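The figures here come from the full heavy-atom set of this structure, side chains too, leaving out hydrogens, waters and symmetry mates. This is a predicted model, so every value here is computed, not measured. Numbered from 1 within each chain, the chains take letters A, B, ... in sequence-line order.
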Number of protein chains: 2
Amino acid sequence: MAVFLSTFENKVDGKGRVSVPASFRAALEQEKSTGLILYPSFKHPCLEGCGDERIEQIADSIDALDAFSEEAENLQTILSDSVRLTVDGDGRVMLPKDLIGFAGLNGTAMFVGLGKGFQLWAPDAFKAHREAARERARKSGATLRIVKPGGGGE
Amino acid sequence: MAVFLSTFENKVDGKGRVSVPASFRAALEQEKSTGLILYPSFKHPCLEGCGDERIEQIADSIDALDAFSEEAENLQTILSDSVRLTVDGDGRVMLPKDLIGFAGLNGTAMFVGLGKGFQLWAPDAFKAHREAARERARKSGATLRIVKPGGGGE
DNA sequence: TGGGATACCATGGGATTTTATGGGCGTCAA
DNA sequence: TTGACGCCCATAAAATCCCATGGTATCCCA
């Protein structure tokens, strides 16, 4: 199965183009995605990315709901905020201006692999986010040590 | 499968013409639609749009209902109010005046991708609607998880 | 094991093609 | 004849393609 791993820092040029990391392209091809999907994250100032598969699943799921229900409308916002980008011959995509704005990208973007999907962050925002996550991990790690003494700590 | 994604803002000229977004045209062609279908939404001040395939599904669904029920009669108005528009050589359609009036279009129209179909909104009305929907979507994160169990993504 | 050759990748800058949009002209019907 | 509508053309902006370059990792062979 295709997996997005590691973190890559690539440049966003004046035209809004970024190189998609080679390993991400390989993962996309493996799930037969001709392009990739991006949409603004609900939780963070970053973009969520994935292959075609996931969007089609979402579209199908919405279709299964009562067509005019509020629930369907909520989910539809994902679709209306999504963009489908095609990877050009050089392995790059063009980021729409509004998404660049949403994520605060300014010349550089970080591709963060999350397994079945990935995220796109502005470097500073990502570092802050990562620090916070590590901090939380460290604290919960302390809790774990208390629960299981004798385990190897950090 | 054809999927309508993203949101586009195009101009409606004095003749009532609008360019259909290129990616929407591609989706329509993919499902071999000779044109596109529009009908007034009965929930919102906007127009609902789709391709041939979708309208046939809707017709079938209505047909499956009890023929003389009130529900069936209500839904049948979708079909009687529908218009089929042909896309001209430049990728545009002509919006009938009554539909322009219904959606309150005034020089600009927003094409909103919703997966199997799409909507046409006046910009101001759409922005208000989108804000409300996003807010609800944010609060109903649990619902999103139900859509794709085992899937993830935050 | 070292050094050179090679392939791949990220990136920059044009050139080319697609889109969106405005306007004009002819046809058909009221 | 007048307006509505279909078709064609022109244009500016934007997206897409194509090629060139430099750097880095990989491979191969001595």
Taking only N/O atoms, report every protein-nucleotides 28-30 of chain C pair under 3.5 Å with atom names and distance.
none

Using a cut-off of under 3.5 Å, enumerate the N/O to N/O pairs linking the protein to nucleotides 4-10 of chain D.
residue, atom, partner, partner atom, Å
D/dC9, N4, B/Asp90, OD2, 2.8

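Between the P atom of C/dG14 and the CG atom of A/Asp13 lies a distance of 13 Å, rounded to the nearest Å. To the nearest angstrom, P of D/dG22 lies 20 Å from CG of A/Asn10. Counting to the nearest Å, the P atom of D/dT11 and the NZ atom of B/Lys11 are 19 Å from each other. What separates CZ of A/Phe8 from P of C/dC9 is a distance of 11 Å, to the nearest Å. We find that CZ of B/Arg25 is positioned 12 Å from C1' of C/dT21, with the value rounded to whole Å.
Here B/Met94 contributes atom CE and B/Leu85 contributes atom CG; the two are 8.5 Å apart, rounded to the nearest 0.5 Å.
Side-chain contact, B/Gln57 with B/Arg54: a donor N or O sits under 3.5 Å from an acceptor N or O. Side-chain N/O atoms of A/Arg25 and A/Ser19 include no donor and acceptor closer than 3.5 Å.
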Is there a salt bridge (charged side-chain N to carboxylate O under 4.0 Å, His left out) between B/Arg134 and A/Asp81 once you walk through the steps?
CA-CA 10 Å; B/Arg134 278 183 180 165; A/Asp81 288 340; 3.0 Å; yes
May I have the step-by-step check of salt bridge (charged side-chain N to carboxylate O under 4.0 Å, His left out) for B/Lys32 and B/Glu53, ending in yes or no?
CA-CA 8 Å; B/Lys32 298 187 200 95; B/Glu53 216 174 80; over 6 Å; no
Hey, mind stepping through A/Asp13 and A/Lys15 against salt bridge (charged side-chain N to carboxylate O under 4.0 Å, His left out) and telling me if it holds?
CA-CA 5 Å; A/Asp13 68 17; A/Lys15 297 178 180 179; over 6 Å; no
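Summary of helix geometry: the two end axes of the helix from C/dT1-D/dA30 to C/dA30-D/dT1, each defined by five base pairs via their C1' atoms, are inclined to each other by 30° (rounded to 10°).
Checked for salt-bridge contact, B/Asp88 and B/Arg17 miss the test: no charged N lies under 4.0 Å from a carboxylate O.
Nearest heavy atom pair, residue B/Cys46 against residue B/Ala103, reads CA-CB, 4.2 Å.
Test B/Glu48, B/His129, B/His44 against B/Gln119 for side chain to side chain donor-acceptor pair (under 3.5 Å) and you get one pass: B/Glu48. For the pairing with A/Phe8, the ring-ring contact (aromatic ring centres under 6.0 Å, His included) check across A/Phe111, A/Phe24, A/Trp121 returns one residue only, A/Phe24.
Counting heavy atoms of neighbouring residues, nucleotides and ligands inside a 6.0 Å radius, atom NZ of B/Lys43 exceeds 12 of them.
Residue B/Val20 is in sugar-phosphate contact alone, with no base atom involved, counting any heavy-atom pair closer than 4.0 Å across all strands shown.
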